[in-house]
Amino acid sequence: VNFHNVHISPQSIERVTRALASGWVSEGPAVAEFERELSAQLGLSRPVAVNSGTAALHLALELAFIGRGSEVIIPAQTFAATGTAVLQCGARVVFADIDSETGNLDPKDVERRLTEDTSAIIPVHYGGLPCDMDALKAIAKRNALIIIEDAAHALGAKYKGVPVGAVSDYTAFSFQAIKHLTCGDGGALCCPGEYDYEEARRLRWFGIDRTAPVDELGYRNCNIHQVGFKYHMNDIAASVGLGNMEGFADRLARRKSNGEFYRRELAGVDGVKLLRIDPGMEHAYWLFTLLVEKRLDFVRALKARGVPALVVHRRIDASDVFDGWGRQHDDLPGTDYFDQHQISIPVHDALTDEDLAQVVGAIREGWG
Ligand SMILES: Cc1ncc(COP(=O)(O)O)c(C=O)c1O
């Protein structure tokens, strides 16, 4: 049983070959088609395709004018990119605690971390489980804050029936190698607002309006009014993504049914705690995370039965770059508990029924 699965469909190979032969190797028609498919198939609101999830997060922070003097609240339980994107803008990272039963930001603790410099909150839908967006949006509204959802793990998740990617003003997705849908590398920023959408399309390519007319000399006259970036997705990556969109609904459904299978089969197993899924949350199951006492024994018991179990992301607050200087913050008890007990088991869509039975059997025999 493999922990991750990198899905490259035959259609991806065919489409990449076509893109290469066409000469459209930078941003061209495949990127536009990929954006249309993301909206049509997954309900994402005005996705702007970029070359990584990190680029999508950084672009959102730039669009929201987050910079020096601003504080941005994030969970420590995430991948480094959530925090480094904030530092890239010159803003300060402030860690808020998570609910140890979900792995997601605890809105009450977010509220406690607010200062007059707080400008934004980046909730991370950890492992694909949506955060309590109503509570976070209410805090943002009361305090005039921006919300940027880090949905790198959450393609296909829904919050109260609404696809993640259509819930708030900015949502960043990742199409990196081991995500639900891969482009090789890639990302998308959803900006439901008209102005942000147009601006995101400019800033992903140096701040240049690619729809501006070209003059008789072949030159595109364009006034760059804000520093832009080289963040556009190219047609080779978009072709990989488009090929992988074919059959994606079935693969996503398989992931979700794998997750639900584990929840049924592992409920009540001694020494294993399932995460809490509140009503209205539709998990995208990028990870299936359990909370386990004696974690190392658990990993060894599973390994002996051919089943990998991993800690995919550990808390990031001890890193020097976040002023941790090797020490974890001591005021994040929910993060402490989650960090010490979390362990993930394989949940991807290529697992067979036999694989699932092997995973459950290994946990029951080796552990329960
Ligand atoms: C929570 C989270 N945010 C952001 C990213 C960055 O995405 P990318 O690797 O596409 O830049 C990742 C991971 O890969 C992630 O796990």
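Heavy-atom basis, side chains included; hydrogens, waters and symmetry copies ignored. In listed order, ligands and their atoms are each counted from 1.
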*Asks:* Please determine whether ring-ring contact (aromatic ring centres under 6.0 Å, His included) holds for the pair Y231 and H58, giving the CA-CA distance in whole Å, both sets of side-chain angles, and the decisive distance to 0.1 Å.
*Replies:* CA-CA 10 Å; Y231 280 171; H58 181 230; 5.8 Å; yes
*Asks:* For the residue pair Q342 / T289, report whether a side-chain donor-acceptor contact shorter than 3.5 Å exists.
*Replies:* no
*Asks:* Answer yes or no for A56: is there a heavy-atom contact with ligand 1 below 4.0 Å?
*Replies:* no
*Asks:* List the closest protein heavy-atom neighbour of atom 8 (P) of ligand 1: residue, atom name, distance to the nearest 0.1 Å.
*Replies:* G53 N, 3.4 Å
*Asks:* Considering only heavy atoms of H313, which atoms of ligand 1 have at least one such atom less than 4.0 Å away?
*Replies:* 16 (O)
*Asks:* Within the 4.0 Å heavy-atom shell around G186, which atoms of ligand 1 are there?
*Replies:* 10 (O)
*Asks:* Could you tell me whether K158 atom NZ has more than 12 heavy atoms of other residues or ligands within 6.0 Å of it?
*Replies:* no
*Asks:* Taking only heavy atoms of F79 into account, list the atoms of ligand 1 that are under 4.0 Å away from them.
*Replies:* 2 (C), 5 (C), 12 (C), 13 (C), 15 (C), 16 (O)
*Asks:* Kindly check if the number of other-residue, nucleotide or ligand heavy atoms within 6.0 Å of CZ (R142) is above 12?
*Replies:* yes
*Asks:* So is there a nitrogen or oxygen of Q176 less than 3.5 Å from a nitrogen or oxygen in ligand 1?
*Replies:* no
*Asks:* Determine whether the side chains of D132 and N104 contain a donor N or O and an acceptor N or O closer than 3.5 Å.
*Replies:* no
*Asks:* Relative to atom 3 (N) of ligand 1, which among D150, D185, L287 owns the nearest non-hydrogen atom?
*Replies:* D150
*Asks:* Which of the atoms of ligand 1 are close to A81, meaning less than 4.0 Å from one of its heavy atoms?
*Replies:* 4 (C), 5 (C), 6 (C)
*Asks:* With heavy-atom distances below 4.0 Å as the criterion, list the atoms of ligand 1 near T78.
*Replies:* 1 (C)
*Asks:* Note the single closest protein heavy atom to atom 13 (C) of ligand 1, along with its residue, its atom name and the distance in Å.
*Replies:* K179 NZ, 3.1 Å
*Asks:* Considering only the protein, which heavy-atom contact is closest to atom 6 (C) of ligand 1, and what is its distance?
*Replies:* T54 OG1, 3.4 Å
*Asks:* Ring-plane angle category for F34 and F175, please: parallel below 30°, perpendicular beyond 60°, tilted otherwise.
*Replies:* perpendicular
